[in-house]
Number of protein chains: 2
Amino acid sequence: MRPAVSDVENPLADCENTQALDRAEASCRARGASLTAIRREVLDLLYRSPTGVKAYDLLARIKEARPGASPPTVYRALDFLIDQGLAHKIGRMNLFVACRHASHQIPSLFLVCPKCSGVTELQEQSVMSALSTSLAAAGHRLESPEVEISAICPKCVGAG
Amino acid sequence: MRPAVSDVENPLADCENTQALDRAEASCRARGASLTAIRREVLDLLYRSPTGVKAYDLLARIKEARPGASPPTVYRALDFLIDQGLAHKIGRMNLFVACRHASHQIPSLFLVCPKCSGVTELQEQSVMSALSTSLAAAGHRLESPEVEISAICPKCVGAG
DNA sequence: GAATGCAATGTTATAACATTGCATTTGTAC
DNA sequence: GTACAAATGCAATGTTATAACATTGCATTC
Ligand SMILES: [Zn+2]
Ligand SMILES: [Zn+2]
Ligand SMILES: [Zn+2]
Ligand SMILES: [Zn+2]
């Protein structure tokens, strides 16, 4: 079972988050986009949920501060953050995660743990080059920087 | 855009499908499970949709023969087929595909084309060994035989 | 300073996807 | 044929995501 949202939260991370949010705001501005208040709040919630969070859980959290918030409020913010490379969607889990990487020169591997649903984003040159080679041989072209993989996470491997 | 269901259908494939269905039935029996009429019909529809099909499209097709069919009818059949290794779900697309492989000694790569939504199932020893190595180094263990990858398919690469 | 353009947001409704719970039927073992 | 488990029928509900349209706020133009 996934931990409840409140367990995931980490108030001590506020300072780091503020810095990360400021960096994100700057990078949006550099691209001519703006990290508005709503988008910043959603990104903040993503930062506080290291293993991913569901859209409607986000909505519930956003509603605490903005009672008028509705599904489009959070889906629009998520779409924006994904466009900007600040977040990712894990399709098989309907889960959204903040991106911890400065760029996606190398496409990322997303390891989704089937036991605890935790998500880890990994960049591995060796895997990606093997992948590019094989896909090219099959006539495909790797485009989106998103590869989802089911893999038991270290915590759950230990828990056997 | 995905082709309409009717375009995907191929009546000439009936004979091959019957053989494949019979093989599937035998393999279920060998495992002590039974490929009932409903399950067989769903698997048949999957065989006729090489690039995957949505659950509610399946439902609509099944209803032609069984007007009483409801969502659980098809989801239960799909769950069974997935358990038996006869089908896979592509999480990011909510798409179901028949498996064309006799076994999953090697985990499969599912290439999902972001342009046409087509799905190709591939088994590549070189990629999987690079992947296992990297994941093991990170403390993860590859378990589920399912890796989803966004990759432009040959047809769409050509269409540029 | 009114009119226009535009990005973001608000609001309502609905589409699309999936599961639960319980009653009934079917197949199989004894 | 009785008993039991597996499968199915069926209604309701839960979950995830988008469509469609209105409004706000701010910058530019006239
Ligand atoms: Zn990332
Ligand atoms: Zn885990
Ligand atoms: Zn397969
Ligand atoms: Zn394609």
Side-chain angles (χ1 to χ4, degrees), chain A residues 1-2 4-5 25 28-29 31-43 45-46 49 52-63 65-84 86-97 112 117 148, chain B residues 1-2 4-5 25 28-29 31-43 45-46 49 52-84 86-97 112 117:
Chain A
M1 196 48 203
R2 296 182 58 74
V5 170
E25 186 154 2
C28 286
R29 191 187 315 276
R31 283 183 294 264
S34 73
L35 189 68
T36 62
I38 290 178
R39 293 163 177 174
R40 190 177 169 113
E41 287 164 30
V42 169
L43 183 55
L45 289 173
L46 292 180
S49 305
V53 60
K54 301 265 195 176
Y56 276 66
D57 289 343
L58 278 176
L59 176 55
R61 304 290 304 282
I62 288 289
K63 272 188 165 167
R66 301 174 177 272
S70 60
T73 309
V74 5
Y75 281 106
R76 284 168 183 156
L78 288 169
D79 286 346
F80 173 86
L81 295 172
I82 290 168
D83 279 349
Q84 294 294 315
L86 295 168
H88 301 287
K89 173 174 182 176
I90 308 303
R92 65 178 61 190
M93 290 286 161
N94 303 311
L95 211 56
F96 298 86
V97 292
V112 186
S117 300
E148 294 182 16
Chain B
M1 193 49 204
R2 295 181 60 70
V5 170
E25 187 155 3
C28 285
R29 191 188 314 276
R31 283 183 296 264
S34 72
L35 190 67
T36 62
I38 290 178
R39 292 164 177 173
R40 189 177 168 114
E41 286 165 28
V42 169
L43 184 54
L45 289 173
L46 292 180
S49 305
V53 59
K54 302 263 194 178
Y56 274 66
D57 289 343
L58 278 177
L59 177 54
R61 303 289 305 282
I62 288 289
K63 271 188 165 165
E64 293 168 6
R66 299 174 178 271
S70 60
T73 308
V74 359
Y75 281 106
R76 289 200 278 234
L78 288 169
D79 287 345
F80 173 87
L81 295 172
I82 290 168
D83 279 349
Q84 295 293 316
L86 295 169
H88 301 288
K89 174 175 182 174
I90 308 303
R92 64 179 60 191
M93 289 287 161
N94 303 312
L95 210 57
F96 298 86
V97 291
V112 186
S117 299

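Residue numbering restarts at 1 for every chain, and letters A, B, ... go by the order of the sequence lines. Values below: every heavy atom of this structure, side chains too, minus hydrogens, waters and symmetry copies.
Put simply, CG on Leu35(A) and CZ on Phe80(A) are 6.0 Å apart, with the number rounded to the nearest 0.5 Å.
If you measure from atom CG of Asn94(A) to atom P of dG14(D), you get 18 Å, rounded to the nearest angstrom. In this structure, CG of Leu59(A) is placed 14 Å from P of dT12(C), rounded to the nearest angstrom. The nearest whole Å value for the distance from the CG atom in Leu58(A) to the P atom in dT15(D) is 16 Å. Rounded to whole Å, the distance from CG on Asp79(B) to P on dA18(C) is 10 Å. Whole-Å rounding puts the Met93(B) CE to dA17(D) C1' distance at 14 Å. Atoms CZ (Arg76(A)) and C1' (dA22(D)) sit 11 Å apart, rounded to a whole Å. As rounded to whole Å, 9 Å separates atom P of dT28(C) from atom CZ of Arg29(B). Atom-to-atom, CZ of Arg40(B) to C1' of dT8(D) comes out at 19 Å; the value is rounded to the nearest Å.
Phosphate proximity of dT9(C) to Thr36(A): present, with a side-chain N or O under 4.0 Å from OP1 or OP2. The phosphate of dT16(D) has neither OP1 nor OP2 within less than 4.0 Å of any side-chain N or O from Lys89(A). One finds a side-chain N or O of Arg39(A) lying less than 4.0 angstrom from the OP1 or OP2 phosphate oxygen of dT9(C). Here Lys54(A) reaches the OP1 or OP2 of dT16(D): one of its side-chain N or O atoms lies under 4.0 Å away.
Of all heavy-atom pairs between Leu78(B) and Ala55(B), the closest is CD1-CB, 4.3 Å. Considering all non-hydrogen atoms of both residues, Val42(A) and Ala77(A) come closest at CG2-CB, 3.7 Å.
Looking only at distances, a side-chain donor or acceptor of Arg39(B) sits under 3.5 Å from a matching main-chain atom of Ser34(B).
Judged by centroid separation below 5.5 Å and plane tilt below 30°, Tyr75(A) does not stack onto the base of dT18(D).
Contact annotation: side chain of Tyr56(B) to base of dA15(C), donor-acceptor pair absent below 3.5 Å.
Within the 4.0 angstrom heavy-atom criterion, base atoms lie near Ser70(A).
For the pair Pro72(B) and Ala37(B), nearest-nucleotide mapping onto DNA chain D gives the more 5' position to Ala37(B). Nearest-nucleotide mapping onto DNA chain C: of Pro71(B) and Ala33(A), the residue sitting toward the 5' end is Ala33(A).
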Worksheet item: Ile82(B) and His88(B): side-chain contact (heavy atoms from CB on, under 4.5 Å), yes or no, with the steps?
Response: CA-CA 6 Å; Ile82(B) 290 168; His88(B) 301 288; 5.8 Å; no
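When the nucleotides dA7(D), dG9(D), dG10(C) are ranked by their closest atom to the side chain of Ser34(B), dA7(D) comes out on top.
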